[in-house]
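Letters A, B, ... mirror the listed sequences (proteins, then strands); counts begin at 1.
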There are 2 protein chains.
Amino acid sequence: MDQGLHGEVAGRMSGIGQRYTRGRRSLVEVLADTPGPLTAAELVAASASIPQSTVYRNLAVLGQAGVVHRVVGTDEFVRYELSEAVTGRHHHHLVCRRCGAVEDFAAPSGLERSVTTLMDAIGADRGFRAETHRLDVVGTCSGCSS
Amino acid sequence: MDQGLHGEVAGRMSGIGQRYTRGRRSLVEVLADTPGPLTAAELVAASASIPQSTVYRNLAVLGQAGVVHRVVGTDEFVRYELSEAVTGRHHHHLVCRRCGAVEDFAAPSGLERSVTTLMDAIGADRGFRAETHRLDVVGTCSGCSS
DNA sequence: AACTAGAACAGGAATGATTCTCATTTCAAC
DNA sequence: GTTGAAATGAGAATCATTCCTGTTCTAGTT
């Protein structure tokens with residue numbers, strides 16, 4: 001398990017005046033162990049003994065700390081993952097329009113550079129302060145194309 | 001106003017055994033006249049006299065026909081726009097994380113080509129049938145960065 | 001080791017965008 | 001102009017998410 005992860009998270013939590021409690025740590029561990037974003041329901045199921053209301057509340061707090069962020073796919077559920085600032089891994093998502101599953105993937109660095117250039121240009125052209133980007137590839141996952 | 005638009009939509013509707021009624025046409029017109037996706041509430045407000053339940057139901061039907069599609073931003077509202085198949089204009093979105101506003105923009109064709117190449121590669125690598133992509137630039141719009 | 005004040009928690013109720021229901025109205029074809 | 005199916009209108013229902021409230025835990029102090 002990544003030793004620096006909890007230190008980084010603890011620092012961000014205390015930075016906004018919040019404690020890094022056992023329950024919050026357990027959420028972060030589940031997210032760190034999963035290779036893709038999870039729905040709130042999946043997190044509730046995975047963290048037996050943490051009630052739903054606490055899971056939601058802590059996801060909100062972790063979100064304010066910049067530890068966790070929300071991923072929207074094509075279904076009605078919001079998904080959560082550790083933020084790039086914490087994992088150090090910039091990535092994008094494969095979204096299945098059938099079952100709603102979301103999986104991570106990394107884009108080639110050339111493409112990322114093109115996107116960065118585009119973001120700068122948009123700032124200049126439109127007065128929009130571009131901060132980040134989302135690139136989702138939408139289609140049908142291997143499980144659903146049977 | 002685009003004369004071919006309604007013909008195209010009518011064809012798609014009858015293709016799935018649905019009528020292209022006055023109310024549905026009025027929704028399509030509002031969407032065609034607006035340079036960006038609209039929330040359901042905005043559509044209800046813009047189409048005075050069409051009740052909310054009908055707006056939602058017709059958006060769902062137009063979605064099945066491939067005429068309209070859903071856009072998710074950063075706030076809790078789903079937005080709707082005419083699909084690329086109907087407008088012929090491939091584009092992406094600028095999303096303000098402050099106010100949630102969504103605006104269209106076109107990416108340079110070189111970037112689009114890189115994304116297409118990437119989508120093909122993903123199909124080969126992972127068995128994911130890539131059908132389309134979403135590229136959103138997230139930041140702060142000019143109105144919100146005062 | 002107990003005290004205390006504030007934070008976090010547990011459980012359940014409330015919220016609100018979206019979807020569903022069903023009685024009524026419209027439409028298209030005969 | 002009748003008829004049967006589809007669309008509409010109004011409101012109720014759904015359900016992921018958020019809020020509320022009383023209780024429990026924690027960190028810092030003596």
Difference in axis direction between the ends of the helix from C:dA1-D:dT30 to C:dC30-D:dG1, five pairs, 10°
30°

Is the phosphate of D:dT26, meaning OP1 or OP2, less than 4.0 Å from a side-chain N or O of A:Arg22?
yes

Could you tell me how far apart A:Asn58 (CG) and D:dC25 (C1') are, to the nearest whole angstrom?
14 Å

Any Lys/Arg nitrogen of A:Glu29 or A:Arg25 sitting under 4.0 Å from an Asp/Glu carboxylate oxygen of the other?
no

Close N or O pairs between protein and nucleotides 16-23 of chain D (under 3.5 Å):
{"residue": "D:dT17", "atom": "OP1", "partner": "A:Val78", "partner atom": "N", "Å": "3.1"}
{"residue": "D:dT17", "atom": "OP2", "partner": "A:Tyr56", "partner atom": "OH", "Å": "2.5"}
{"residue": "D:dT17", "atom": "O5'", "partner": "A:Tyr56", "partner atom": "OH", "Å": "3.4"}

Could you tell me how far apart B:Tyr20 (OH) and D:dA7 (P) are, to the nearest whole angstrom?
14 Å

Whole angstrom value for the distance that separates P of D:dC25 from CD of A:Gln18:
19 Å

Return the set of residues passing side chain to side chain donor-acceptor pair (under 3.5 Å) with B:Thr140 (not counting sequence neighbours), or none when no residue passes.
A:Glu131

Qualifying residues under side chain to side chain donor-acceptor pair (under 3.5 Å), relative to A:Thr39, sequence neighbours excluded:
A:Glu42

B:Glu103: what forms a side chain to side chain contact (heavy atoms under 4.5 Å, CB included) with it, not counting sequence neighbours?
A:Arg126, B:Leu94

Can you name the residues that form a ring pair (Phe, Tyr, Trp, His ring centres under 6.0 Å) with A:Tyr20, not counting sequence neighbours?
A:His6

Taking B:Met13 as the fixed residue, which of B:Arg19, B:Glu8, B:Arg24 is the one that meets the side chain to side chain contact (heavy atoms under 4.5 Å, CB included) rule?
B:Arg24

With sequence neighbours left out, what residues match B:Thr117 under side chain to side chain contact (heavy atoms under 4.5 Å, CB included)?
none

Residue set satisfying side chain to side chain contact (heavy atoms under 4.5 Å, CB included) with B:Glu81, at least two apart, ordered chain then number -> B:Pro37, B:His69, B:Val71, B:His91, B:His93, B:Asp104

When clusters are formed from ILVMFWY side-chain contacts under 4.5 Å, directly or step by step, what else is grouped with A:Ile16?
none

Write down the distance between CG (B:Leu59) and P (D:dA7), rounded to a whole number of angstrom.
15 Å

List for me each residue that meets side chain to side chain contact (heavy atoms under 4.5 Å, CB included) alongside B:Ser47, sequence neighbours excluded, and say none if there are none.
B:Ser26, B:Leu27, B:Val30, B:Ile50

Contact boundaries of DNA chain C with chain B (under 4.0 Å, heavy atoms), 5' to 3'?
C:dA17 to C:dC27

Which residues pass the side chain to side chain donor-acceptor pair (under 3.5 Å) test with B:Glu84, not counting sequence neighbours?
B:His90

Select base, sugar-phosphate, or nothing to describe what B:Thr54 touches, counting heavy atoms under 4.0 Å on all strands.
base

